[in-house]
**Student:** 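Before I ask anything, here is the structure I am working with.
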Amino acid sequence: TIVMNGGVLRLKTLAAEGGEEVNGYYKIYEAKADLSGERKRVTAGAGTEYILHSGEYLVTSTWGETNESVSAVVMPGQMTSETIIANGGILNVTTSLTEGGESVKAYYNVYEAKANLQGERRRVTAGAGGKFTLPAGDYRITSKWGEATGISEATVTAGAAADSHIVVSAGVLTVKVVDANGAAVKGYHSISESAPNLEGNRKRVTAGAGNEYKLPAGTYLISSKAGDLTGQVDGVTVKAGETVEAEIPVELAARFREA
C-alpha cells in the first residue's frame, strides 16, 4: 500500500554477510537527533514492511543480543529495501555432572571473555534455556546446578552455531532426620565443608528445610535441628553423578536433658 507523500520501507536481517535471514525486531527513528542527541522513535515491530512519510530514518534491528543499525531514505510513492547484518550466531550450552554423563538443566551466565582493568567481565545475558543468540566474539560461560558451578569458554562466529559443554562435577545429597525411636522427623539443615580453613572455621555451603541438595563433589558436615532436637554427622562424601543419603540422629541438647 502506498500513501500520499509517503512510501514503504522493506527490511531484512541477515545473521552474517551473505548468510541466513533471521527474525529481527526493528525500531525506526527519525534520522535527525535533537539537542540532547536523542532521536524520536516513529514505530517498532517484528514485521518487515512499514508505511512511512518520506524522509530519512535510522533503523535498528535486534536479534537476540545483537543490535545493528542502518540508515534509510524513504521516497514518495516508492519501495525502499534495506538489509541489516546482525553479525551474530548461536551458542548452545549443555551441562553434565561428570565427563560424558547425561545433560542436566542448569542456569547460565554469559560474559564477555575479556575482563576490564578491575578484572571484571561484562555480563551479556543469562538464562536456563542453554541457547543464546550473541554477537560474534569470545565469551566465558558459567553454569550453576544447585550449589555447584562450572566454567567454559566459547567463540561465536557470525552466521554459525557453536557448542559449549560444562562439567560441574556434582552430585545429590539427601538428608533424613530420625529421632531416638528411629522415626523420621522434619528438620532444618546446615551443610558445611568438612575441612576447616586456616582459622578453624568451616565454610557453609547451603542451608534449608528440604531433604535434597545438589552439591559439588566433596565431603560435608551436616547439622540438623528439629524443634529442641539437634544432631550432626561429619564426613559425608558426595560423588559426582551419584546420590548419597545421610541419616542424622537428633536428640535433646545437653542443657535440656539436665533441666
**Student:** Should the heavy atoms of other residues, nucleotides or ligands under 6.0 Å from CG of N23 be counted, would the total exceed 12?
**Tutor:** no

**Student:** Are T66 and L134 close enough that some pair of their side-chain heavy atoms sits under 4.5 Å apart?
**Tutor:** no

**Student:** Hey, is CD on E56 packed in by over 12 heavy atoms from elsewhere, all under 6.0 Å?
**Tutor:** no

**Student:** Nearest 0.5 Å, please: how far is CG in L173 from OG1 in T237?
**Tutor:** 10.5 Å

**Student:** Are any non-hydrogen side-chain atoms of H189 and N211 less than 4.5 angstrom apart?
**Tutor:** yes

**Student:** Tell me the closest heavy-atom pair linking V74 and V8, and the distance in Å.
**Tutor:** CG1-N, 4.3 Å

**Student:** I'd like to know whether NZ of K144 has more than 12 heavy-atom contacts from other residues, nucleotides or ligands below 6.0 angstrom.
**Tutor:** yes

**Student:** Any sub-3.5 Å donor-acceptor pair from Y107's side-chain atoms to T142's backbone N or O?
**Tutor:** no

**Student:** Apply the test salt bridge (charged side-chain N to carboxylate O under 4.0 Å, His left out) to residues R39 and E30: give CA-CA distance (whole Å), side-chain angles for both, the deciding distance (0.1 Å), then the verdict.
**Tutor:** CA-CA 6 Å; R39 293 178 171 86; E30 293 181 353; over 6 Å; no

**Student:** Is any side-chain N of the basic residue among E112 and R121 closer than 4.0 Å to the acidic one's carboxylate O?
**Tutor:** no

**Student:** Is any side-chain N of the basic residue among E153 and R140 closer than 4.0 Å to the acidic one's carboxylate O?
**Tutor:** yes

**Student:** Please name the residue in the list T60, T43, T62, T13 that meets the side-chain hydrogen bond (donor to acceptor under 3.5 Å, both in side chains) test with Y26.
**Tutor:** T13

**Student:** What is the minimum heavy-atom distance between H165 and T95, and which atoms define it?
**Tutor:** CE1-C, 3.7 Å

**Student:** With a 3.5 Å distance limit and no angle check, can you tell me whether S54 reaches the backbone of M75 through a side-chain donor-acceptor pair?
**Tutor:** no

**Student:** Under a 4.5 Å side-chain heavy-atom rule over Ile, Leu, Val, Met, Phe, Trp and Tyr, are L9 and Y29 clustered together?
**Tutor:** no

**Student:** Do the side chains of V244 and T174 get nearer than 4.5 Å, heavy atoms only?
**Tutor:** no

